[in-house]
There are 2 protein chains.
Amino acid sequence: MIELDKIDLKILSVLQQDGRLSNLELAEAINLSPSPTLRRLKRLEQEGVIGRYVALLEPAKIGLGLEAFVRVMLDKRERQFATFAEAVQAWPEVVSCHAMAGEMDYLLRVVFEDLAHFSRFVMDTLLPHPGVVDVKSSFVLQAIKQTTALPLAHLVGGRS
Amino acid sequence: MIELDKIDLKILSVLQQDGRLSNLELAEAINLSPSPTLRRLKRLEQEGVIGRYVALLEPAKIGLGLEAFVRVMLDKRERQFATFAEAVQAWPEVVSCHAMAGEMDYLLRVVFEDLAHFSRFVMDTLLPHPGVVDVKSSFVLQAIKQTTALPLAHLVGGRS
DNA sequence: AGCTTATTGGCATTTTATGCCAATGCTGCG
DNA sequence: CGCAGCATTGGCATAAAATGCCAATAAGCT
């Protein structure tokens, strides 16, 4: 694993909150001058610790007020795992898809405008897909927490 | 809802992929000159369509190779919803928490280093929390899709 | 303590952001 | 069909930020 000292962790922590800080602002936030800050940042990007930067949109502002988790069961006899994985990439309302241990099914997180939209997605897209034998939907009542920030606490003490 | 024309959607689409593009690069990507590009961007930020920018870290690179979904059931008689919601904010390994319809339970997504870490989280943190009566964990075998990009297709045709 | 190596801070240069204004394109109406 | 009025754009000048370089500093090792 890559060596990360306290300064690196501070950089990561700050950028997980605001990925668009200028180098100057970042430098100030972590209490270091701009040049070494930039060098460290580049290294973190280079090493792949920072995978990417993204803008997060406000779902409600673009008419995506609803959200659901959908468990998808595939027929294990048909070998449709790959095509399903591929299809999932192409469905934009699917925000995440995880293969789960145990039941060997898939858990999708889906965002949508309204129930009609969701219904269309399930009826016209998901269920007709080859290998899909069953889906179980659970609607989100409330997002209590939703972050892209990963914990870093377990890394303190790695260096310096 | 805010009016978004095709150019706005292109901006959003591009920034959902790379939130750190310079205004110049963004302008080039959407085929518009820098000044109106910046003006539109500021408006989108102003209006809250773009909520924030973040750096996404690579979990594997910081020793967070494992992930699970945990269903938490609270005792409905105790009124612990608020304290639970609060506690969840403070637990860094909980990346998301949603109140689900139906069973009225909570679905957490949790990232961790290894099973020992997860075990500690469940045993020492989650289960002892007031009101928690049961938890059911499902481990992630594979992340098939994981995006922060929301669909925009439903907005085309809103203007211009 | 003294030597070696890694890291920092500050400066000069290049690149980018940003505010402003004239030019262009669109809309609606006569 | 053309013209007035409004909204949006493109380009330019200025301010701010990024970036590469080098001497100075700090940290690690014996």
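Within every chain, numbering begins at 1; the chains are lettered A, B, ... in the order of the sequence lines, protein sequences first and strands thereafter.
Summarising the local packing, CD of A:Glu28 is surrounded by 12 or fewer heavy atoms from other residues, nucleotides or ligands at distances under 6.0 Å.
Remark: the backbone N or O of B:Leu9 is not paired with any side-chain donor or acceptor of B:Ser13 at under 3.5 angstrom. Counting only distance, with no hydrogens or angles, the side chain of A:Lys145 and the backbone of B:Ser96 share no donor-acceptor pair below 3.5 Å.
Comment: B:Arg43 engages B:Asp8 in a salt bridge, judged by a side-chain N to carboxylate O separation of less than 4.0 angstrom.
Residues passing the side-chain contact (heavy atoms from CB on, under 4.5 Å) test with B:Arg52 are A:Gln17, A:Leu56, B:Val54, sequence neighbours excluded.
The separation between A:Glu28 atom CD and D:dA16 atom C1' is 14 Å, rounded to whole Å. If you take CD of A:Glu3 and P of D:dA27, they are 18 Å apart, rounded to a whole angstrom. Taking atom CG on B:Leu44 and atom P on D:dT8, their separation rounds to 13 Å, with Å as the unit.
Remark: aromatic rings of B:Tyr106 and B:His98 are distant, center separation not under 6.0 Å.
Side-chain contact check for A:Leu115 versus A:Phe139: some heavy-atom pair is nearer than 4.5 Å.
Atom-to-atom distance recorded for A:Leu15:CG and A:Glu45:CD is 8.5 Å, nearest 0.5 angstrom.
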Check: How does protein contact run along nucleotides 8-21 of chain C, one letter per nucleotide 5' to 3', with B for base contact, S for sugar-phosphate only, - for none, heavy atoms under 4.0 Å?
Finding: BBB-----SSSBB-
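Rounded to 10 degrees, the angle separating the terminal helix axes of the helix from C:dA1-D:dT30 to C:dG30-D:dC1, each built from five base pairs, is 40°.
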